[in-house]
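Side chains are part of it too, since the values below use all heavy atoms of this structure and drop only hydrogens, waters and symmetry mates.
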Amino acid sequence: GHGLTPAKGENYSSELLAKDLKGLLDHLDIYRVHLLGHSMGGRTAVRFAEMNPDRVKSLIIEDMELISRVQDSPEKRSQVIEEARRLRKTFADPVFPSRTELIRALTPYYGAEAESLTYRRAREHPDGTMTLLFRPEVSLLYGYQANAEDLTGALRKLNVPVLVLRSDPKMGSAMSDAGVTRIQEADPLAQIRLVEGAGHVIHRSHAQELVANVGRFVSPPLPRVDHKTAKAAFGGEGRVPNVLVSRRAGMRSAQVAYLRTNRSLEDLKATYPYAYFDLGRLRGRVVLDAGTGDGAFVTDLRREGIEAYGLD
């Protein structure tokens, strides 16, 4: 219900919002992304990754669980829709004569939070009038429909690296212990990190810590190996089981790495279509030259159980 996009219809499910996100990425001509979703956006991000698995390099969820959080039923859905229609009429004109009048309109629906909303989600004009900056009926529909879904099944289907950043429960996390457990059950490889002292909006209160966590996740540091060790691991000419992987100059994360795997070159190309592969020679030995613009390659390799090392 935020922003200037016109409200449309009464369907605000995660599936519909994921389609909106796909439309935006298509419009921007962006194909494959590291996808971070905060709060309810985390649920949309999971649904997008399920519906478009080839377009997600990695998934980061900022303080949101994926279990169903409301008791859903046809009767309850009908009640929510009727309430949303009443809200649409009440707030058809988003401009109110004063803050007092806006608080009076919001109080029946938001209780003690009404006054806070007039500071956080409304704009006061020089003449004292107030413009509401969100649509209460959309927030109601979205909040109910998205929370009614259990997205742990969608998470279970994914084959991308997953990072979950949980805010401090003492500061008001949107994640319950049960929700954390269900994520771990759905994806045992998911990394779940607690950001101590952070409230629900981690990117606001602990921005540097969030950026550091995401940076390490999408571009993990490589353990180092020297030339002598790497050379000793090579077999005969033409063998690919033990190969050197070098990121080409000009890539955002230019580096050289040693890769140990029994996978064939053709298999690697098929599995990691976003990476550049080419056979070449280094000091008379056949090597594998791989290039990619981000750290998803190394993260994906580790998820597949393939050892990767930086080359000193």
Side-chain angles (χ1 to χ4, degrees), residues 11-69 142-143 145-167 173-176 178-193 195 200-203 210-211 213-220 270-275 292-306:
N11 177 10
Y12 288 89
S13 64
S14 64
E15 180 178 352
L16 183 70
L17 296 174
K19 290 179 179 178
D20 286 345
L21 176 56
K22 179 180 181 298
L24 174 62
L25 292 175
D26 289 345
H27 174 72
L28 296 174
D29 196 25
I30 299 174
Y31 187 75
R32 205 160 183 263
V33 297
H34 295 287
L35 186 58
L36 186 155
H38 168 247
S39 193
M40 298 295 278
R43 300 174 79 90
T44 300
V46 171
R47 183 67 79 193
F48 177 89
E50 179 198 27
M51 295 168 62
N52 306 276
D54 59 325
R55 302 192 65 168
V56 178
K57 301 175 184 178
S58 66
L59 180 66
I60 303 102
I61 302 170
E62 182 186 348
D63 202 47
M64 176 49 61
E65 59 191 9
L66 303 178
I67 57 177
S68 175
R69 308 170 84 208
Y142 172 46
Q145 292 171 7
N147 276 316
E149 299 174 309
D150 186 332
L151 291 167
T152 54
L155 180 66
R156 188 174 290 110
K157 298 176 184 177
L158 304 184
N159 189 33
V160 297
V162 176
L163 170 66
V164 180
L165 297 175
R166 184 187 187 186
S167 66
S173 174
M175 302 182 68
S176 64
V180 172
T181 298
R182 289 288 299 281
I183 288 175
Q184 293 171 324
E185 292 172 347
D187 184 357
L189 296 178
Q191 301 179 36
I192 301 178
R193 300 176 187 171
V195 183
H200 178 54
V201 189
I202 301 174
H203 61 266
L210 180 140
V211 170
N213 272 291
V214 172
R216 287 193 298 269
F217 175 66
V218 301
S219 187
T271 304
Y272 309 108
Y274 58 87
T292 178
D294 53 65
F297 182 56
V298 174
T299 303
D300 286 347
L301 291 176
R302 290 177 174 174
R303 189 179 179 87
E304 295 288 333
I306 299 174

Query - Residues R43, L66; criterion side-chain contact (heavy atoms from CB on, under 4.5 Å); working and verdict - result: CA-CA 6 Å; R43 300 174 79 90; L66 303 178; 4.3 Å; yes
Query raised in the report: Distance-only, no hydrogens or angles: does the Q145 side chain make a donor-acceptor pair with backbone N or O of Y12 under 3.5 Å?
Result: yes
Query raised in the report: Under the side-chain hydrogen bond (donor to acceptor under 3.5 Å, both in side chains) test, which residues partner N213, sequence neighbours left out?
Result: R193, R216
**Report entry** E65: partners by salt bridge (Lys or Arg N to Asp or Glu O under 4.0 Å), with sequence neighbours left out
**Finding:** R69
Query raised in the report: Tell me, do S167 and V195 make a side-chain contact under 4.5 Å, heavy atoms counted?
Result: no
Report task. Provide the full list of ring-ring contact (aromatic ring centres under 6.0 Å, His included) pairs with a residue in residues 40-61, sequence neighbours left out, each pair given once. Result -> none
Query - H38: ring-ring contact (aromatic ring centres under 6.0 Å, His included) partners, not counting sequence neighbours - result: H200, H203
Query raised in the report: Does V33 have any side chain to side chain contact (heavy atoms under 4.5 Å, CB included) partners at least two apart in sequence or in another chain, and if so, which?
Result: L25, I30, L35
Report task. Could you tell me whether the side chain of V56 reaches within less than 4.5 Å of the side chain of N52, counting heavy atoms only? Result -> no
Report summary line: All heavy atoms of D187 vs all of V162, minimum pair found to be OD2-CG2, 3.5 Å
Report summary line: Between the CG atom in D54 and the CG atom in N159, the distance rounded to the nearest 0.5 Å is 12.5 Å
Requested in this report: State whether the side chain of D63 and the backbone N or O of R166 hold a donor-acceptor pair below 3.5 Å, judged by distance alone.
Outcome: no
Report summary line: Output for pair (L158 CG, L59 CG), nearest 0.5 Å, gives 6.5 Å
Query raised in the report: Sub-3.5 Å donor-acceptor pair from the side chain of S173 to the main-chain atoms of M175, do we have one?
Result: yes
Query raised in the report: Going from CE on M64 to CD1 on I183, what distance comes out if it is rounded to the nearest 0.5 angstrom?
Result: 9.5 Å
Query raised in the report: Does L163 reach the side chain of I61, with side-chain heavy atoms less than 4.5 Å apart?
Result: no
**Report entry** Contact summary for E62 and V201, nearest pair of heavy atoms
**Finding:** OE2-C, 3.8 Å
Query raised in the report: Is there any salt bridge (charged side-chain N to carboxylate O under 4.0 Å, His left out) pair reaching into residues 153-165, and which pairs are they, with sequence neighbours excluded?
Result: E50-K157
Report summary line: side-chain hydrogen bond (donor to acceptor under 3.5 Å, both in side chains) filter on K22, not counting sequence neighbours, yields D26
Query raised in the report: Taking only residues two or more places apart in sequence, or in another chain, which ones meet L16 in a side chain to side chain contact (heavy atoms under 4.5 Å, CB included)?
Result: N11, S13
Report summary line: Separation between CG (L21) and CE (M51), nearest 0.5 Å, reads 10.0 Å
Query raised in the report: Who pairs with S14 by side-chain hydrogen bond (donor to acceptor under 3.5 Å, both in side chains), at least two apart in sequence or on another chain?
Result: R47, E149
Query raised in the report: Atom CG in L151, atom CZ in R182: separation rounded to 0.5 Å?
Result: 10.5 Å
Query raised in the report: Which residues pass the side chain to side chain contact (heavy atoms under 4.5 Å, CB included) test with D20, sequence neighbours left out?
Result: L17
**Report entry** Side-chain donor/acceptor of R55 to backbone N/O of A49, under 3.5 Å
**Finding:** no
Query raised in the report: Minimum heavy-atom separation for S58 to V160, with atom names?
Result: CA-CB, 4.5 Å
Requested in this report: Drop me the distance from T44's OG1 to K19's NZ, to the nearest 0.5 angstrom.
Outcome: 13.5 Å
Report summary line: By side-chain hydrogen bond (donor to acceptor under 3.5 Å, both in side chains), D29 pairs with (sequence neighbours left out) none
